[in-house]
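Quick notes on the structure that follows.
Numbered from 1 within each chain, the chains take letters A, B, ... in sequence-line order.
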Number of protein chains: 2
Amino acid sequence: MSSFTNQDLRRAGLKVTLPRLKILELLEKAESHHMSAEDVYKALMEHGEDVGLATVYRVLTQFEQAGIVERHNFENNLSVFEIAKDEHHDHLVCDQCGKIIEFHNEEIEALQEKVAKDFGFTLAGHSLVLYGICDNKDCQNSIKR
Amino acid sequence: MSSFTNQDLRRAGLKVTLPRLKILELLEKAESHHMSAEDVYKALMEHGEDVGLATVYRVLTQFEQAGIVERHNFENNLSVFEIAKDEHHDHLVCDQCGKIIEFHNEEIEALQEKVAKDFGFTLAGHSLVLYGICDNKDCQNSIKR
DNA sequence: CTTAGTGCAAATGTTTTGCACAATG
DNA sequence: CATTGTGCAAAACATTTGCACTAAG
């Protein structure tokens, strides 16, 4: 199962505080679970929580270091965060509507390892994002324009 | 051959101006050809050129749209640019010393196409960056620390 | 109580924009 | 000469930091 608890926070040397719990909860149950710091902040505001934007940034960074969330930098210079899952995955992003699909391809992973090894690198991680137009009709139409 | 000319600028609807030529020339012959806007700006300053930082940003963005340079956003939220080559390539970045290696793997490319198609996407581009530690002795040592 | 966490405001670093002036075709 | 490009300064963003105050263990 992939739900983080107070224990996970403590294990990371983080006190269990209201802002951290709220942010964690928000990320766990967000349907579109790719959120920018600003997104998280606005969502908290809407829920009537009194958390500062600076705290959101601090907490997200701490969560990242603790392996609780992953940070992604897509094409725009803006970081988005998502709850870390057990299974690693990469992303497919629609240039038109921004839809994000997660995928995992074992063959690609293996080839990446091979490439790194060929160049004498010890692979530590990678970032693979595919950009394109999804099959949504509006997005398809925008191509022919 | 992969050298851009005044013709390429005109074809892109850009007038041939001194700043554009200087930036183009700089990117073409830079040995470490991955430069941030700031890098480009500083290099121009050192050559005694009088170009504003804003112009560097504008020109690089125009060049990107014209397909003359490619923009990459590596882990840090900072854009780096490089002259577009005929052959597409991805990057292998050393987390320790920042060394950047370019590679191209046809198998990975093909698999990306397949993944996109499987999800109903028309692939427009992708970003693949492998992070790790290179075989430089200092970088290797830093692991065992 | 002692330490870590927070909100706020101010600072930072990168990139963009407005505008009067300069250069290109 | 009409248009596009430029430098400069100011604005706009995303993110970080300093600090006095608050809450957690």
Min side-chain heavy-atom separation B:Glu106-B:Glu109 under 4.5 Å = yes
Output a table of donor-acceptor pairs, distance under 3.5 Å, between side-chain atoms of residues 113-121 of chain A and any protein atom two or more places apart or on a different chain; print 'none' if there are none.
residue, atom, partner, partner atom, Å
A:Lys114, NZ, A:Asp118, OD2, 3.1

Distance, rounded to the nearest Å, where B:Asn73 contributes CG and D:dT15 contributes P | 12 Å
Does B:Leu18 or B:Phe81 map to a spot on DNA chain C nearer the 5' end, using the closest nucleotide for each?
-> B:Phe81
Is there side-chain contact between A:His72 and A:His91, with heavy atoms separated by less than 4.5 Å?
-> yes
Confirm from the modelled atom types if B:Arg10 and C:dG25 form a donor-acceptor pair under 3.5 Å, side chain to base only.
-> no
Taking NZ from A:Lys22 and C1' from C:dG5, how many angstroms apart are they, rounded to a whole number?
-> 17 Å
Residues two or more places apart in sequence or in another chain: which of them pass salt bridge (charged side-chain N to carboxylate O under 4.0 Å, His left out) with B:Arg71?
-> B:Glu64
Which residue pairs pass the ring-ring contact (aromatic ring centres under 6.0 Å, His included) test with at least one member in residues 47-68 of chain A, sequence neighbours excluded?
-> none
So how far off straight is the helix from C:dC1-D:dG25 to C:dG25-D:dC1, going by the axes through five pairs at either end, to 10°?
-> 30°
Taking only N and O in the side chain of B:Thr17, is any of them less than 4.0 Å away from OP1 or OP2 of D:dT4?
-> no
Among D:dT16, C:dG18, D:dT15, the one nearest B:Arg58 by side-chain distance = C:dG18
Report, one pair per line, the protein and nucleotides 1-4 of chain C atoms (nitrogen or oxygen only) whose separation is under 3.5 Å.
residue, atom, partner, partner atom, Å
C:dT3, O2, A:Lys15, NZ, 2.9
C:dA4, O4', A:Lys15, NZ, 3.1

Euclidean distance, atom CZ of residue A:Arg71 to atom P of D:dA14 [Å, nearest integer] = 14 Å
Pairing residues for B:His33 by the side chain to side chain donor-acceptor pair (under 3.5 Å) criterion, not counting sequence neighbours = B:Glu102
Taking only residues two or more places apart in sequence or in another chain, which ones pass side chain to side chain donor-acceptor pair (under 3.5 Å) with A:Asp90?
-> A:His88, A:His126
Side-chain donor-acceptor pairs under 3.5 Å in residues 129-137 of chain B, sequence neighbours left out?
residue, atom, partner, partner atom, Å
B:Tyr131, OH, B:Glu75, N, 3.2
B:Asn136, OD1, B:Asp138, N, 2.7

D:dT6 C1' sits how many Å from B:Leu9 CG, rounded?
-> 16 Å
Mind checking whether B:Val69 and B:Leu24 have side chains closer than 4.5 Å, heavy atoms only?
-> no
Sequence neighbours left out, what passes salt bridge (charged side-chain N to carboxylate O under 4.0 Å, His left out) with A:Glu49? Give chain and number order.
-> A:Lys22
Would you mind listing the cluster partners of B:Leu18? Hydrophobic ones only (ILVMFWY), side-chain contacts under 4.5 Å, chaining allowed.
-> none
Give me the residues of residues 47-57 of chain B where at least one heavy atom lies under 4.0 Å from an atom of DNA chain C, by number, or none.
-> B:Leu53, B:Ala54, B:Tyr57
How long is the line joining CD of B:Glu64 and C1' of C:dT16, in whole Å?
-> 15 Å
Return the value, rounded to whole Å, for the distance between atom CG of B:Asn6 and atom C1' of D:dG5.
-> 16 Å
Report yes if a side-chain nitrogen or oxygen of B:Ser79 is closer than 4.0 Å to either non-bridging phosphate oxygen (OP1 or OP2) of C:dT15; otherwise report no.
-> yes
Sequence neighbours excluded, the answer for side chain to side chain donor-acceptor pair (under 3.5 Å) partners of B:Gln65 is none
Whole Å only: how far is the CD atom of A:Gln65 from the C1' atom of C:dG5?
-> 15 Å
Calculate the interatomic distance between A:Leu24 atom CG and C:dG5 atom P; express it in whole Å.
-> 15 Å
